[in-house]
Amino acid sequence: MIILSDYNFPAHVHLYRFQDLNIVLDVNSGAIHVVDQLAAQFIQAFINSNGDFYLAIEACVNAGRDWDEVMDAAMEVAGLREDGSLFSDPEDPLVDLSDAPIKALCLNVAHVCNMKCHYCFASQGDFGLDKSLMSSEVGRLALDFLVEHSQGVKNLEVDFFGGEPLLNWEVVKDIVAYGRQIETRTDKVFNFTLTTNSLLLNEDIMDYLLSENIAVILSLDGRPEVNDHYRILNNGQGSYATIVPKIHRMVEKGPVSYYVRGTYTRHNLDFSADVRHIIELGFDSLSLEPAVGAGTDYAIGEEDLPQVLNEYEKLALLLLEYHQQGRPVHFFHYDLDLQRGPCLAKRQTGCGAGSHYLAITPEGDIYPCHQFVGHAEYCLGNVLENKGLQENIRQRFADNTLLTKEECRQCWARNFCGGGCHANNYFSNGDISRPAQVACTMHRRRVEAAIYVELKKRLS
Amino acid sequence: MKHITTVIKPHLDICRECATSCQSACKTSCTVGNQCRN
């Protein structure tokens with residue numbers, strides 16, 4: 001029989017009930033089990049007894065359970081432990097990111113915007129810097145920089161961002177053309193995406209995005225009154241009526257990939273209604289995410305969490321409702337790839353900001369990611385200068401992994417979030433290595449809900 | 001009677017060819033679990 005007296009149960013096994021299912025996640029192997037009430041009771045007793053099989057069996061029998069039934073469940077647990085899919089031991093392949101390849105860039109091609117959304121983390125487009133547009137020269141140098149630092153990585157990613165990137169459309173096209181030139185003389189493949197408020201989308205632009213296989217992220221917050229509360233045109237009017245027809249047209253054309261991407265705030269904590277609204281508009285690929293901005297009147301606070309967590313549960317049921325109607329919906333945070341997800345090394349290093357992923361401003365300044373732009377103390381260098389990167393800053397991000405953050409090491413959801421967002425940590429706690437607890441709590445709930453949705457689909 | 005049903009059993013020359021989170025949709029709520037190309 002098994003004795004696991006030194007096993008760190010909270011960090012390595014998560015047993016929870018969600019709606020009608022008892023679910024057990026084995027954190028280290030990634031295995032997920034659905035268990036009946038007796039098995040759930042036994043596993044909980046095993047955890048409570050600090051990994052003593054005999055005490056767990058005794059606890060269940062003393063609670064009135066049938067001896068033979070308890071033994072059956074106990075033997076199943078023992079078999080799964082033997083099999084490496086329950087109470088499995090941690091394997092920590094230490095990943096050295098000090099000389100990591102750079103494989104993705106966020107190109108801020110425009111530090112200017114044709115909207116003035118109140119919650120914009122980019123200070124309504126300019127990141128608190130001078131309003132400016134990226135030149136073709138800086139854009140091309142950025143791609144050269146990416147290729148030069150990509151080592152053996154073949155798939156490279158470039159997101160056109162801002163501000164509003166369509167305000168610098170000719171330069172976007174020039175950068176794409178330059179990337180395609182690079183592809184003809186190297187083995188590199190560029191995957192381009194463009195994040196837009198959709199205002200300037202027209203037939204020519206949409207056709208170009210299609211012809212170049214550029215994925216699009218289209219901003220929309222949901223119901224008209226919700227969207228128009230924050231997403232404001234420069235003339236002070238709401239944007240919903242203007243942008244929805246353009247988003248419809250873009251999606252109708254069938255881009256290589258698209259997300260309708262919204263933000264929710266503490267003013268629409270019933271955000272599952274906004275998800276439903278976006279789906280009913282005819283969009284089946286979407287993301288709705290909490291506004292960032294610690295200390296603002298729109299960011300989610302601790303006092304909002306009970307309603308937010310409940311809303312994520314409602315959202316799970318909503319997505320299953322559409323699934324059962326034969327209308328599958330891709331909700332970004334619930335689209336966990338539980339079977340073919342990334343390797344442990346990737347999971348332990350998260351988004352890769354500062355090591356694999358960097359942001360470039362119109363002036364060519366290099367930052368760890370789009371959210372650090374404008375914070376001069378995090379500037380890593382400039383693509384116009386033939387100098388190396390500020391490796392001390394880069395090293396701080398490279399060292400900031402799951403394995404170096406004690407709170408993350410103790411968290412059962414660590415292999416799904418990858419250690420959280422450096423910027424969220426920094427803006428919440430003044431330290432990239434101190435997890436932002438509100439964001440962590442929301443993320444754990446999203447993972448629980450996403451696993452439930454996937455299990456229900458498979459079990460049906 | 002079976003008490004436990006194993007529904008997911010993944011397998012977590014370990015390459016950076018998978019997409020980075022920020023290129024997908026979020027930009028603010030990073031996650032790695034929803035991404036392997038090898």
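Here is how names work: the chains are called A, B, and so on, in the same order as the sequence lines, proteins then strands, and each is numbered from 1.
Within a 6.0 Å radius of NZ in K154(A), other residues, nucleotides and ligands contribute 12 heavy atoms or fewer.
The shortest non-hydrogen separation linking E76(A) to H3(B) is OE2-N, 2.8 Å. For the residue pair K9(B) and S85(A), the shortest heavy atom distance occurs at CE-CB, 4.2 Å. C36(B) and G341(A) make their closest contact through CB-O, 3.6 Å (heavy atoms, listed as atom of the first residue, atom of the second, distance).
Interface remark: A439(A) contributes no atoms to any contact with chain B (heavy atom separation under 4.5 Å). With a 4.5 Å cut-off on non-hydrogen atoms, L38(A) touches chain B through its side chain but not through its backbone. Residue E69(A) touches chain B through both its backbone and its side chain, counting heavy-atom pairs closer than 4.5 Å. Only the side chain of L459(A) comes within contact range of chain B, with at least one heavy atom under 4.5 Å from a heavy atom of that chain. For chain B, the nearby part of L80(A) is the side chain; its heavy atoms alone come within less than 4.5 Å. Neither the backbone nor the side chain of V24(A) comes within less than 4.5 Å of any heavy atom in chain B. Heavy atoms closer than 4.5 Å to chain B are found in the side chain of R458(A), but not in its backbone.
Atom CG of D36(A) is separated from atom CD1 of I4(B) by 8.0 Å, given to the nearest 0.5 angstrom.
Under the rule for a ring-ring contact (aromatic ring centres under 6.0 Å, His included), the partners of H422(A) that lie at least two apart in sequence or sit in another chain are F397(A). Evaluation of the ring-ring contact (aromatic ring centres under 6.0 Å, His included) rule for F192(A) yields F160(A), F190(A) as partners, not counting sequence neighbours.
Counting only distance, with no hydrogens or angles, the side chain of K103(A) and the backbone of C18(B) share a donor-acceptor pair below 3.5 Å.
Residues I8(B) and L25(A) are not in side-chain contact: their nearest non-hydrogen atoms beyond the backbone lie 4.5 Å or more apart.
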